[in-house]
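One structure is given below, encoded as structure tokens.
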Amino acid sequence: MPFTPRVFSGVQPTGSLHLGNYLGAIRRFVAMQDSYPCLYCVVDLHAITVWQDPTELAKATRHVTAAFLAAGIDAEKNIVFNQSRVSAHAELAWIFNCVARMGWLNRMTQFKEKAGKDRENASVGLFAYPNLMAADILAYQATHVPVGEDQKQHLELTRDIAQKFNFDYAERLAELGWTDGLFPMTEPIIQGPATRVMSLRDGAKKMSKSDVSDNSRINLTDDADTIAQKVRKAKTDPEPLPSELKGLEGRPEADNLVGIYAALAETTKEAVLAEHGGAMFSAFKPALADLAVSVLAPVNTEMRRLLDDEAHLDAVLDNGSQRAAAIAGPILADVKRVVGFVG
Ligand code: TRP
């Protein structure tokens with residue numbers, strides 16, 4: 001069965017969102033919403049794979065929802081919801097826990113990074129995290145997933161799970177008349193100049209909400225003055241900007257700022273260097289700050305407005321969850337029949 005194109009992606013409700021989340025994920029979600037039917041999910045089940053304060057978790061879920069809407073995602077045309085509201089995610093994740101192999105998950109680099117040295121003390125959920133992500137995607141038979149570079153390995157695992165499921169149950173699937181398998185081979189969509197936005201304090205580290213230095217990131221809730229100040233304080237080197245891409249090699253901080261500029265201006269790094277090559281950072285940084293403020297200020301204003309209207313945000317999630325469940329329900333029912341569950 002050829003699968004109809006459908007987009008799924010998720011953002012974790014942990015801490016506040018920053019420029020990396022905006023350029024690497026949310027803005028790209030907006031860009032896809034007119035070409036495909038899309039589901040954009042606040043993945044609260046994933047969030048609790050590490051401890052979350054309950055009050056903060058609820059707040060962060062509304063925060064991500066507000067960011068989706070403020071960035072321009074149309075929750076009527078597409079679906080915005082939170083993962084815990086649609087039980088198909090957890091149910092399918094259990095089935096995938098029984099499809100995926102220990103060896104596959106042992107190779108996941110994100111688990112190794114997140115668990116750190118104390119693996120014995122990591123939650124079982126953190127280890128099984130990629131199976132839940134596969135369930136998120138395949139519960140909707142999603143064909144395309146816009147994600148950052150760091151999620152590529154999880155998408156490969158999603159395909160491995162889909163393939164093994166289709167293969168293991170091939171006979172049963174054929175009996176039921178599904179000769180092409182139940183799950184698509186989902187493609188990641190990784191593109192754009194700043195899918196990896198780095199820390200403003202260290203060009204070798206990803207911009208992250210867990211960085212102790214708030215100056216390392218631009219938060220979506222930062223006001224114009226704060227944004228300008230953080231750009232001004234960003235770590236750089238004493239050289240002027242090169243005129244060509246090659247000149248950014250070995251200059252991670254310069255490379256990062258040029259990448260951010262290009263992404264914000266929706267152009268390429270080459271084009272930015274063609275315009276600003278030869279400039280000192282004392283001139284480039286104010287231009288970058290102005291650009292960042294002009295792009296982020298409207299999002300920021302709209303987010304604040306939405307965050308004041310909790311009832312509206314909850315209604316959006318409620319509506320989205322019902323529509324998501326209506327898609328996942330019949331797919332999960334098929335999966336259960338294939339597996340041999342009675343009822
Ligand atoms: N793991 C993703 C991240 O940390 C979030 C996520 C969960 C996701 N489920 C997903 C992304 C499904 C894409 C599709 O960024």
Side-chain angles (χ1 to χ4, degrees), residues 5-29 32-33 36-50 52 57 60-61 64-65 67-68 73 78-86 88-90 92-93 96-97 100 105 108-115 123 125-162 183-192 194-197 206-210 320 324 327-328 331:
R6 185 179 281 146
V7 167
F8 183 99
S9 198
V11 171
Q12 290 202 50
T14 46
S16 64
L17 294 170
H18 53 71
L19 185 65
N21 305 116
Y22 180 70
L23 294 175
I26 299 173
R27 203 183 55 176
R28 295 167 57 222
F29 297 175
M32 298 185 83
Q33 69 174 349
Y36 301 97
C38 302
L39 294 114
Y40 294 127
C41 184
V42 187
V43 290
D44 47 9
L45 298 176
H46 275 111
I48 63 162
T49 55
V50 297
Q52 302 298 327
L57 177 63
T61 297
V64 176
T65 308
F68 281 174
I73 291 173
N78 293 293
I79 296 180
V80 171
F81 72 110
N82 57 322
Q83 193 184 24
S84 61
R85 294 284 295 275
V86 181
H89 294 251
L92 189 57
F96 288 171
N97 283 345
L105 291 174
M108 294 295 114
T109 52
Q110 186 168 303
F111 174 74
K112 290 181 204 166
E113 274 163 31
K114 285 200 182 173
S123 73
L126 188 66
F127 186 69
Y129 178 116
N131 295 343
L132 176 59
M133 181 161 160
D136 296 341
I137 297 164
L138 297 175
Y140 303 92
Q141 294 171 325
T143 52
H144 297 85
V145 174
V147 274
E149 190 71 37
D150 62 331
Q151 296 299 313
K152 231 171 133 173
Q153 198 184 32
H154 289 158
L155 261 293
E156 278 159 25
L157 185 92
T158 300
R159 282 201 296 275
D160 288 343
I161 289 175
F183 295 123
M185 295 296 124
T186 310
E187 291 293 333
I189 313 263
I190 298 166
Q191 58 189 202
T195 48
R196 244 175 110 73
V197 177
K206 244 182 93 168
M207 186 175 283
S208 159
K209 48 197 154 203
S210 52
I327 301 173
I331 296 171

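Side-chain atoms are counted along with the backbone in the values below, which use heavy atoms only and exclude waters and symmetry mates. Start at 1 with the first residue, then count along the sequence. All values derive from a computational prediction rather than experimental measurement. When a ligand or atom number is given, it counts from 1 through the structure's own listing order.
- The nearest protein atom to atom 14 (C) of ligand 1, hydrogens excluded, is given as Val145 CG1, 3.6 Å; this is a heavy-atom distance.
- Of all protein heavy atoms, the one lying nearest to atom 1 (N) of ligand 1 is Tyr129 OH, 2.7 Å.
- Below 4.0 Å from some heavy atom of Val43 lie the following atoms of ligand 1, by number and element: 7 (C), 9 (N).
- Set against the non-hydrogen atoms of Ser9, the atoms of ligand 1 under 4.0 Å away are 11 (C), 13 (C), 14 (C).
- For atom 5 (C) of ligand 1, the nearest non-hydrogen atom of the protein is Gly10 O, 3.5 Å.
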Step by step, would you call Lys206 with Asp150 a salt bridge (charged side-chain N to carboxylate O under 4.0 Å, His left out)?
-> CA-CA 10 Å; Lys206 244 182 93 168; Asp150 62 331; 2.9 Å; yes

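- In the model, Glu187 has no side-chain atom that pairs as donor or acceptor with a side-chain atom of Thr143 under 3.5 Å.
- A donor-acceptor pair is defined here as one N or O able to donate and one able to accept, closer than 3.5 Å; such a pair exists between the side chain of Ser123 and the backbone of Thr49.
- Here is the list of ligand 1 atoms found below 4.0 Å of a heavy atom in Val147: 11 (C), 13 (C).
- With atom 7 (C) of ligand 1 as the reference point, the heavy atom nearest to it among His46, His154, Gln12, Lys114 is part of His46.
- Counting heavy atoms under 4.0 Å from ligand 1, residue Leu132 does not touch it at all.
- Side chain to side chain, Asn82 and Thr61 fail the donor-acceptor criterion of an N or O pair below 3.5 Å.
- Closest heavy-atom approach to atom 15 (O) of ligand 1 within the set Gln110, His89, Gln151, Gln83: this belongs to Gln151.
- Two residues are said to be in side-chain contact when any heavy atoms from C-beta on lie closer than 4.5 Å; Val86 and Tyr140 meet this criterion.
- Here the protein heavy atom with the shortest distance to atom 9 (N) of ligand 1 is Asp136 OD2, 2.7 Å.
- At a threshold of 4.5 Å between non-hydrogen side-chain atoms, the residues Phe111 and Tyr129 do not count as touching.
- Looking at Gln83, its side chain does come within 3.5 Å of a backbone N or O of Leu45 through a donor-acceptor pair.
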